[in-house]
Amino acid sequence: MPLRLVIVGGVAGGATAAARARRLDEFAEIILFERGEHISFANCGLPYYIGATIKDRDDLLLTTPEAFGLRYRLDIRTRSEIMAVEPAAKRVQVKNLATGEIYYESYDKLILSPGAEPVRPPLPGIDNPRIFSLRNIPDADRIKAHVDTHHPQAAVIVGGGFIGLEMAENLVQRGVKVTIVEMLDQLMAPLDPEMAAQVQLHLQEKGVGCELDNGVRAFEEKAGRLLVSTAKGKQIECDLVILSIGIKPENALAQKAGLTLGKRGGIQTNDAMQTSDPHIYAVGDAVEVRDFLFGQPTLTALAGPANKQGRIAADNALGRRATFKGTLGTAIVKIFELTAAVTGANEKSLKNAGRPYIASYTHSGSHALYYPGAFPMAIKLLFTPGTGKLLGAQIVGPAGVDKRMDVLATAIRGGLTVFDLEELELAYAPPYSSAKDPVNMAGFVAANILKGDMEKIDWQDLAGLDPEQDVLMDLRTKKEITEFGAVQGAVHIPVDRLRGQLDLLDKTKRYILFCAVGMRAYLAYRILTQNGFTARVMSGGYRTYLAAKRSLAGQI
């Protein structure tokens, strides 16, 4: 008898599992149930369809049920909702949403890919028809139709995560004035505050309002418009609202079936993507998987991991042995002309886990500075003291961010250290990089810290300086200070004049050195310490300090 495999849910996890299963077994009976009309569509492209960057709606459809079913000889049933899973009987209860018919299908192996649903808190006025969430193509159709038909002047986006920022850009491109309301005190929670501040500054340069540390209390109609009331008493008038607060796993089926759920509400799986029932597997946004660095259960709503999990679940369901080794949460987002990316741990997660770490910052050009079109990118590395093993990375910049983040995510996956980053041989030609790639430069700076070639302090440490002992020294030019601003109380000595002024300095003081990004401060550190002075370099320089200071002061 051929194996009977039932898959619940399409898109990244379920559709991948179905295709993989057919490639492994030409004779298996494979049935894919999907509640909606589309089994495989580009979730990540939905904001760009609303913003009209993607013109043709059909471009979002990666395949049709008919084409997918024909190519892989699958029994695909759309508009079919699974009402219950009965593990003891090894069958599922199905409702045909077109006819209302309820029937049963048996399985030998079952793969659950139910996904996640947007969080929709029970706030007053939340059911207003002009308040939208974005999860699938019908959601995108509704939002786009509203924008096309009603031409809203203003929108409020509740939540400053990846989808919220993408929607902000695309609504602005449609001529809508956008305000983001975020309960946290920063945008993009996976980034650390000083890195997120650079994103916030760029958004505001594009006219996007940012109400941080300020949640939504209620929605109401007023004179034909929506009024959004915040926790801090602010009232924002708009014409539509996009809820981008977050998502929660769709775990109802699994829960009713008696499958074990994790502490965060996801379906608990092992490294084979197997649930507590040996015949049932689960993949995608609904499952808890292992964090690659910490080994703890985590939820990761990303298409890449979901695809891999679907493939692994199919392998194991059909008798092979494959394992999912964990997720780094590698993610990237475009915000107008800026790109922000993250992988691995951030400072918050490292502190919560009690893991010792060191942070370093660099600012490098996206390619050779003498070749036209180079842009600076800020790179933050997090690594272990002593060994220098990479723990996390964050990059913000206008160009070249994606390929550097991919290198760093691969390096973390491979257990590499900052010393390995120094030695990586990466592709170089002036239009693409520099002879010392930004990844190499990040490795050099981090390795200098570990080797003792440079002692550093971070921007957070400036508040704890001793005014009797510590002296801030600005190594920038007078023109830079005039153009970009000064740090109050800092002594100004351009680095090229430092050697000639050593006799004027006090060796009983400790000099806190900074320039624009850190290179001149490092050079000054080497000069001073080899001449008997005590010094520290402010990591990341004035650029990092300024972004962090503005963010903390609410000036951005």
Side-chain angles (χ1 to χ4, degrees), residues 46-53 118-135 138-189 196-197 199-247 333-336 338 550-551 553-556:
L46 298 179
Y48 302 100
Y49 170 61
I50 295 167
T53 299
V119 173
R120 201 172 178 92
L123 297 172
I126 192 77
D127 294 326
N128 190 293
R130 288 189 284 176
I131 299 176
F132 302 92
S133 297
L134 181 60
R135 180 195 180 192
D139 291 338
D141 286 339
R142 285 189 287 271
I143 297 170
K144 189 173 187 299
H146 183 85
V147 176
D148 291 345
T149 304
H150 299 284
H151 308 290
Q153 296 178 13
V156 167
I157 295 174
V158 184
F162 287 77
I163 299 298
L165 299 188
E166 288 173 344
M167 280 304 305
E169 174 186 354
N170 282 281
L171 287 175
V172 168
Q173 288 182 174
R174 295 295 305 273
V176 182
K177 180 174 175 55
V178 173
T179 301
I180 298 172
V181 179
E182 169 58 58
M183 188 177 294
L184 299 178
D185 59 2
Q186 67 168 82
L187 301 171
M188 291 188 67
V199 174
Q200 184 183 342
L201 178 60
H202 186 65
L203 281 165
Q204 293 190 321
E205 288 172 347
K206 297 296 182 180
V208 177
C210 296
E211 285 290 326
L212 305 185
D213 195 23
N214 194 8
V216 171
R217 284 284 179 86
F219 307 95
E220 62 179 300
E221 291 272 1
K222 181 182 179 182
R225 304 195 78 192
L226 273 173
L227 191 66
V228 181
S229 299
T230 73
K232 290 185 174 179
K234 189 160 187 175
Q235 294 189 319
I236 307 169
E237 286 191 1
C238 64
D239 305 295
L240 82 155
V241 171
I242 305 292
L243 295 179
S244 183
I245 302 170
I247 58 175
V333 62
K334 174 184 177 295
I335 311 112
F336 296 99
L338 204 64
R550 284 175 170 174
S551 177
Q555 295 173 359
I556 291 183

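Quick caveat: nothing in here was measured; it's all calculated off a predicted structure. Reckoned from all heavy atoms, side chains included, excluding hydrogens, waters and symmetry mates. The chain is numbered in sequence order, starting from 1.
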By side chain to side chain donor-acceptor pair (under 3.5 Å) - contacts of N214 (at least two apart): E211, T230
Quick one: are [X] and [Y] in side-chain contact, heavy atoms under 4.5 Å?
{"X": "R120", "Y": "I131", "result": "yes"}
{"X": "V241", "Y": "R130", "result": "no"}
{"X": "I143", "Y": "F132", "result": "yes"}
{"X": "V178", "Y": "M167", "result": "no"}
{"X": "K206", "Y": "V172", "result": "no"}
{"X": "P121", "Y": "I245", "result": "yes"}
{"X": "L187", "Y": "L203", "result": "yes"}

Atom [atom1] in [X], atom [atom2] in [Y]: separation rounded to 0.5 Å?
{"X": "D185", "Y": "M183", "atom1": "CG", "atom2": "CE", "result": "12.5 Å"}
{"X": "L226", "Y": "I236", "atom1": "CG", "atom2": "CD1", "result": "11.5 Å"}
{"X": "K144", "Y": "L46", "atom1": "NZ", "atom2": "CG", "result": "12.5 Å"}
{"X": "Q173", "Y": "I50", "atom1": "CD", "atom2": "CD1", "result": "12.0 Å"}
{"X": "I242", "Y": "H146", "atom1": "CD1", "atom2": "NE2", "result": "8.5 Å"}

Salt bridge (charged side-chain N to carboxylate O under 4.0 Å, His left out) involving E220 - partner list, sequence neighbours excluded: none
Looking only at atom types and distance, does a side-chain atom of [X] sit under 3.5 Å from a main-chain N or O of [Y], one as donor and one as acceptor?
{"X": "K334", "Y": "F336", "result": "yes"}
{"X": "R174", "Y": "A52", "result": "no"}
{"X": "Q186", "Y": "M188", "result": "yes"}
{"X": "E182", "Y": "G160", "result": "yes"}

Which atom of L184 lies closest to which atom of A189, heavy atoms considered: CD1-CB, 3.8 Å
Smallest separation among heavy atoms of L338 and V199, with atom names: CD2-CA, 3.9 Å
